[in-house]
Chemist: 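Have a look at this one.
The analysis underlying the following values was restricted to heavy atoms, covering all of them including side chains, and did not include hydrogens, waters or symmetry mates. Values in this document were obtained by computation on a predicted structure and should not be read as measured data.
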Amino acid sequence: MFSSDDHAYMSQALQLAERGLYSTSPNPRVGCVIVRDGKIAGSGWHVHTGQSHAEINALNVAGEAAQGATVYLTLEPCSHYGRTQPCAEALVRAKVAKVIIAMQDPNPLVAGKGISLLKQSEINVLVGLMEEKAKDLNVGFVSRMTNNRPWVRMKIAASLDGKTALNNGVSQWITGEAARYDGHRFRARSCAVLTGIGTVLEDDPQLSVRFIETSRQPLRVIIDSRLEIPATAKVLRGEGELIFTASDNKERIAALKKAGAHPIILPNEKGKVDLAKMIQMLADFEINEVLVEAGSKLNGAFIRARLVDELVIYFAPHLIGNKAMGMLQLPELTDLSEKYNLKTQDLRMVGEDIRIMTRFL
């Protein structure tokens, strides 16, 4: 169905889409390559939300050469008026002959309508080339559109014996510099970075992207059931941080609002923050990907609630000992049938550390 040339051009389109890894949210990352007479006539990618989509950027480069050309798109062209005009209509006006699409748009506003519009205009449309790679590039967007929740990725740095800090709380630095830089790449691609009040009080982190060039910072999300966070915390130096709490302390809420934060009262029946409802609410804020960087207690709570989609763990070549702090606080299992099953997606060396990426089944 698809030729080697088709695969090569779609690979280029996916590489272009990846250039928007740190900048397109809440929109998907999309790349486009236009080919005529065996040569690339135009190419482009979606750079920033509110700016031209990949198809428009590629068409602007191709000009009249787009007529009769084949278009390689990593995502179905939009067919509705949103922040920009419909790209499917632009392809029809350009009189392209064929459009090869990696994946259908999961957005209910599109979901096949762009493909239908192209076909109605007698444009040859093929869908499914390198679909899994396209979905993986937009795993958070797909999750938000199909499951009404963001993709939750948990990052942990640990010793080989699974310890994240000494018993006295000291944790800097277990992993090496290369692993820390790599971790900032995951921050940069995330719409939000989430932590708990324990980490805030213990480490006073910024949770900002450093070392990586990016046009935006992720939203900071803090889980603080009793509203213990000081207004001077470094994590509150951004814009509009979300603080999920179970407390209705009006004085503390007013102080946090004055500091520019956005407290949200969301208790469960145990007087803690309702994590499941919180994750669903983050979708309302157009959050595609959430990076959890927390302590063992909150990490365990997320996993027990089955809210984590992916684990990114950096294992450093050290042994710290039994009394050091672990990665996850999980209850004892009485039978192996109760174990959490995962599938390894990637395993590699990052500097002197081992990075394993695994997803829950």
Chemist: Between Thr199 and Asp204, is any pair of side-chain heavy atoms under 4.5 Å apart?
Modeler: no
Chemist: Report the residue from Arg29, Arg187, Lys155 that forms a salt bridge (charged side-chain N to carboxylate O under 4.0 Å, His left out) with Glu289.
Modeler: Arg29
Chemist: What's the shortest heavy-atom distance between Ala102 and Val127, and which atoms?
Modeler: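 So the two residues come closest at O-CG1, 4.5 Å.
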Chemist: Could you tell me the separation between the CD1 atom of Ile100 and the CE atom of Met10, rounded to the nearest 0.5 Å?
Modeler: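 Rounded to the nearest 0.5 Å, the CD1-CE separation comes out at 6.5 Å.
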Chemist: Quick one: do Tyr340 and Leu330 satisfy side-chain contact (heavy atoms from CB on, under 4.5 Å)? Show the steps, please.
Modeler: CA-CA 11 Å; Tyr340 297 86; Leu330 294 174; 4.1 Å; yes
Chemist: Please determine whether residues Met281 and Ile223 belong to a single hydrophobic cluster, defined as Ile, Leu, Val, Met, Phe, Trp and Tyr linked transitively by side-chain heavy-atom distances below 4.5 Å.
Modeler: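 Same cluster: Met281 reaches Ile223 through Ile, Leu, Val, Met, Phe, Trp or Tyr contacts under 4.5 Å.
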Chemist: Which pair of heavy atoms, one from Val110 and one from Pro77, lies closest together, and at what distance?
Modeler: CG1-O, 3.7 Å
Chemist: Is there a side-chain contact between Thr164 and Ser296 (heavy atoms, below 4.5 Å)?
Modeler: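 No; the side chains remain at least 4.5 Å from each other.
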Chemist: Among the clusters formed by ILVMFWY side chains lying less than 4.5 Å apart, do Ile156 and Leu307 turn up in the same one?
Modeler: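 Yes, Ile156 connects to Leu307 through the hydrophobic network.
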Chemist: State the CG-NZ distance between Leu333 and Lys339, to the nearest 0.5 angstrom.
Modeler: 9.5 Å
Chemist: Test side chain to side chain donor-acceptor pair (under 3.5 Å) on Asp161 and Ser159; report intermediate values, then the result.
Modeler: CA-CA 5 Å; Asp161 52 349; Ser159 61; 2.3 Å; yes
Chemist: Report yes or no: do Glu338 and Thr334 form a side-chain donor-acceptor pair below 3.5 Å?
Modeler: yes
Chemist: Side chains of Arg216 and Thr214: do they bring a donor and an acceptor to under 3.5 Å?
Modeler: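 The answer is no; no qualifying pair exists.
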Chemist: Under 4.5 Å between side-chain heavy atoms, counting indirect links through other Ile/Leu/Val/Met/Phe/Trp/Tyr residues: same cluster for Val152 and Val139 or not?
Modeler: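 In one cluster: no.
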Chemist: So, do Asp182 and Asp353 sit near enough that their side-chain heavy atoms are less than 4.5 Å apart?
Modeler: no
Chemist: Indicate if Val193 and Trp151 have the same hydrophobic cluster label, given that clusters are the connected sets of ILVMFWY residues with side-chain heavy-atom separations under 4.5 angstrom.
Modeler: no
Chemist: If you look at every heavy atom in Leu75 and Pro106, which pair is closest and at what distance?
Modeler: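 It is CD1-CD, 4.2 Å.
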Chemist: Return yes if some donor-acceptor pair links the side-chain N/O of Ser215 with the main-chain N/O of Ser23 below 3.5 Å, else return no.
Modeler: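 The answer is no, because no donor-acceptor pair under 3.5 Å joins these two groups.
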Chemist: At their closest point, which heavy atom of Thr344 faces which heavy atom of Thr358, and how far apart are they?
Modeler: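 Scanning both residues completely, I find the closest heavy atoms to be N-OG1, 3.6 Å.
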Chemist: May I ask you to decide if the ring planes of Tyr181 and Phe211 are parallel, tilted or perpendicular, using 30° and 60° as cut-offs?
Modeler: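 Ring orientation, 0 to 90° scale: parallel.
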Chemist: Measuring from atom CG of Asp346 to atom CD1 of Ile356, what distance do you get when rounded to the nearest 0.5 angstrom?
Modeler: 9.0 Å
Chemist: Under a single-linkage definition using a 4.5 Å side-chain heavy-atom cutoff for Ile, Leu, Val, Met, Phe, Trp and Tyr, are Leu242 and Ile229 assigned to the same hydrophobic cluster?
Modeler: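 Hydrophobic grouping puts Leu242 apart from Ile229.
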Chemist: So, Asn249 versus Ser247: side-chain donor-acceptor pair below 3.5 Å or not?
Modeler: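 Not at all, the side chains of Asn249 and Ser247 share no donor-acceptor pair under 3.5 Å.
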Chemist: Measure the shortest side-chain to side-chain distance between Arg153 and Phe186 over non-hydrogen atoms and say whether it is less than 4.5 angstrom.
Modeler: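 Yes, at least one pair of side-chain atoms sits under 4.5 Å.
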Chemist: Taking all heavy atoms of Pro218 and all of Leu207, pick out the closest pair and write down the distance.
Modeler: CG-O, 4.4 Å
Chemist: Using a strict 4.0 Å threshold on nitrogen-to-oxygen distance, state whether Asp284 and Arg144 make a salt bridge.
Modeler: no
Chemist: Would a 4.5 Å heavy-atom cut-off, applied to side chains only, mark Leu342 and Arg359 as touching?
Modeler: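 Result no, sub-4.5 Å side-chain heavy-atom pair not found.
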Chemist: Under 3.5 Å, is there a donor-acceptor pair between the side chain of Glu76 and the main chain of Asp105?
Modeler: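 Flag set: sc Glu76 to bb Asp105 pair under 3.5 Å.
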Chemist: Is the shortest heavy-atom distance from the side chain of Asn138 to the side chain of Thr74 under 4.5 Å?
Modeler: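 With C-beta onward as the side chain, the pair stays apart.
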Chemist: Contact between Ile243 and Ile264 at the side-chain level, heavy atoms closer than 4.5 Å - yes or no?
Modeler: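 In short, these two side chains do not touch, never coming nearer than 4.5 Å.
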Chemist: Assess whether salt bridge (charged side-chain N to carboxylate O under 4.0 Å, His left out) is satisfied between Lys133 and Asp136, documenting all intermediate values.
Modeler: CA-CA 5 Å; Lys133 290 187 177 181; Asp136 197 55; over 6 Å; no
Chemist: Establish, for the pair Arg180 and Trp173, whether the NZ or CZ atom is under 6.0 angstrom from the six-membered ring centre and no further than 45 degrees off its axis.
Modeler: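 Positive - Arg180 is close enough to the ring of Trp173 and near enough to its axis.
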Chemist: Report yes if the side chains of His46 and Pro28 come closer than 4.5 Å at any heavy-atom pair, otherwise no.
Modeler: no
Chemist: Only one of Val290, Val292, Ile303 clears side chain to side chain contact (heavy atoms under 4.5 Å, CB included) with Val308; which?
Modeler: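 The side chain to side chain contact (heavy atoms under 4.5 Å, CB included) with Val308 is passed solely by Ile303 among Val290, Val292, Ile303.
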Chemist: Hey, does the side chain of Gln217 reach the backbone of Val209 with a donor-acceptor pair shorter than 3.5 angstrom?
Modeler: yes
Chemist: Measuring from atom OH of Tyr9 to atom CZ of Phe2, what distance do you get when rounded to the nearest 0.5 angstrom?
Modeler: 15.5 Å
Chemist: Under 3.5 Å, is there a donor on one side chain and an acceptor on the other for Ser3 and Asp6?
Modeler: yes
